[in-house]
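A, B, ... follow the sequence lines: proteins, then strands. Residue 1 opens every chain. Bear in mind the structure is a predicted one, so any value in this text is a computation, not a measurement.
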Number of protein chains: 2
Amino acid sequence: MSNEDSGKALTDYPRPSVAVDVAVLTVHEETVKVVVVPSPRGPALPGTFLHPGERLADAADRALRTKAGLGGLDFHQIGMFDAPDRDERGWVLSMAHGTAVPPGIVESEVELVAVVDEKPVTSLAFDHGAMVALSVRDLRDRYASSVDPAGILGDRFTLLELRRLYEVVFDKDLPKDTFRRHVFGALTATGETSLAGGGRPAEVYRRSGAAALPESAAAMLRS
Amino acid sequence: MSNEDSGKALTDYPRPSVAVDVAVLTVHEETVKVVVVPSPRGPALPGTFLHPGERLADAADRALRTKAGLGGLDFHQIGMFDAPDRDERGWVLSMAHGTAVPPGIVESEVELVAVVDEKPVTSLAFDHGAMVALSVRDLRDRYASSVDPAGILGDRFTLLELRRLYEVVFDKDLPKDTFRRHVFGALTATGETSLAGGGRPAEVYRRSGAAALPESAAAMLRS
DNA sequence: CTAATAGTGTCTCTGAGACACTATTTG
DNA sequence: CAAATAGTGTCTCAGAGACACTATTAG
């Protein structure tokens, strides 16, 4: 905020309602998907109004718990959507948040909508489609500088699983040997192996610490 | 926003005041600086309360015009600051915005505070110091992918001027030949020359179109 | 054995960075 | 002329990407 508006007191202006909406992204069946919930205007992102004195991230958490059965995620602010006519019910600002989760923790009755080319394939209520688009870009930015920071794969995974995840997130094929050399420094081998592939067992890795990727990895991922 | 909160109407909740604050960055005398204005709590970013039905960017523009004599800039949302106790006068959320300007357009009576290591050297009111820090990071992100997108140098400049600007923004020395090869593709020669240096005249360039930099430039700039 | 997948040695070629040389001005 | 700055040719070395080979499983 600021110094006061030359004599205007805080209460002099009508205030907007402030809401939060959350784009919960995941990767399932080789596709980026987003959690949506039913609303009178069709599928929408889970959201809620901010309660008095509440933090935005707490409101986001509350919305996710009550509407999608998801709790304890960490949110990123994506952008404040402030078109005065974005909600016919009145003046409502909404802070869009983004997060990502492993597909397994989304309950089966929660609906997932595929996201292709940064756009949900089903059109969403309000300006929620634009929120999803920005969330996907944010996801890419974060995945370009760190190995699976949202833990979509959980804490143990093979290089094949990791590469498939990155191919879906960045929507491009990635060569296995080059990919391996780019991410290897950010991983720690667990000693375990996985036979999921059907051929030679794959080493199982976990993220090392922050799992930071070199700048060169971002160049590879963004083409 | 979202589907309504199960029966709660829009007016049922007390609403926060919503403010905007703007970190106007510039580069002057080899230093990143930020525009501050006086406030009862000491130097603060220019800001104001959002008027009914107003867009955040319009409020930001209004704050800058009335408090710093700057208009028509383009703003980037930096983050919503929402600590319930961030303003003792009440519950005030503030959307921090960032922008950058050529030093020449800042009127001489407007105060500039140097920003070192992403922190203003003078402590600012409220959480404005944190807003400045985030704005500097945003500035770096934007300058890493495009040539002087905010036009701090105006539309014509020599490579020396451009390199000095980037050295200040990224706080590191940049080799002249390597720097030149990284940015050259994003520039168009004007045919004019500048004698500002005192030696051989320097070619004057302008940004070509979007002036997008290659990914490799980001790697150089971020070390 | 074959098929399938995992992992790596190695080659090539690009290009980033360093160095130094040439070019063009002022005094 | 010397001094200062601008611009570039060239060398080297790292490393990205491609290819192909070896490794380890199942059947």
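With hydrogens and angles left out, the side chain of B:R163 and the base of D:dT5 share no donor-acceptor pair within 3.5 Å.
Straight-line distance from the CG atom of A:L160 to the C1' atom of C:dT8: 17 Å, rounded to whole Å. What separates CZ of A:F184 from P of C:dG9 is a distance of 11 Å, to the nearest Å. The distance between atom CZ of A:F157 and atom P of C:dA6, rounded to the nearest whole Å, is 15 Å. In this structure, B:L159 atom CG and D:dT5 atom C1' are separated by 13 Å, rounded to whole Å. One interatomic measurement links the two molecules: CG of B:L195 to P of C:dT24, which rounds to 14 Å at whole-angstrom precision. Atom CZ in A:R180 sits about 17 Å away from atom P in C:dT5, given to the nearest Å. Between the C1' atom of D:dA23 and the CZ atom of A:R200 lies a distance of 4 Å, rounded to the nearest Å. Distance B:E215 CD to D:dG17 C1': 17 Å, rounded to the nearest Å.
Between B:F157 and B:Y205, the ring center distance fails the sub-6.0 Å criterion.
Listed nucleotides: D:dT24, C:dG17, C:dG7. Nearest to the side chain of A:P201: D:dT24. Set against D:dA16, D:dT8, C:dA6, the side chain of B:R181 has D:dT8 as its closest nucleotide. Taking the side chain of A:D177 as heavy atoms from C-beta on, and the options C:dA6, D:dC19, D:dA6, the nearest nucleotide is D:dC19.
Taking 4.0 Å as the cut-off between side-chain N and carboxylate O, A:E167 and A:K172 do not count as a salt-bridged pair.
Comparing A:P175 and B:S194 by the nucleotide of DNA chain D that holds the closest heavy atom to each, the one mapping nearer the 5' end is B:S194. With the nearest nucleotide of DNA chain C identified for both A:V204 and A:G199, A:G199 has the one nearer the 5' end.
Ring orientation note: the planes of B:Y166 and B:F170 are close to parallel, at an angle under 30° on the 30°/60° scale. Between A:H97 and A:F75, the ring planes lie perpendicular to each other; the angle is over 60°, past the 30° to 60° tilted range.
The line from CG of B:L56 to CG of B:D58 is 9.0 Å long, rounded to the nearest 0.5 Å.
Contact between the side-chain N/O atoms of B:H182 and the OP1/OP2 oxygens of C:dG17 is found at a separation under 4.0 Å. Note on B:S216: a side-chain N or O is less than 4.0 Å away from OP1 or OP2 of C:dA16.
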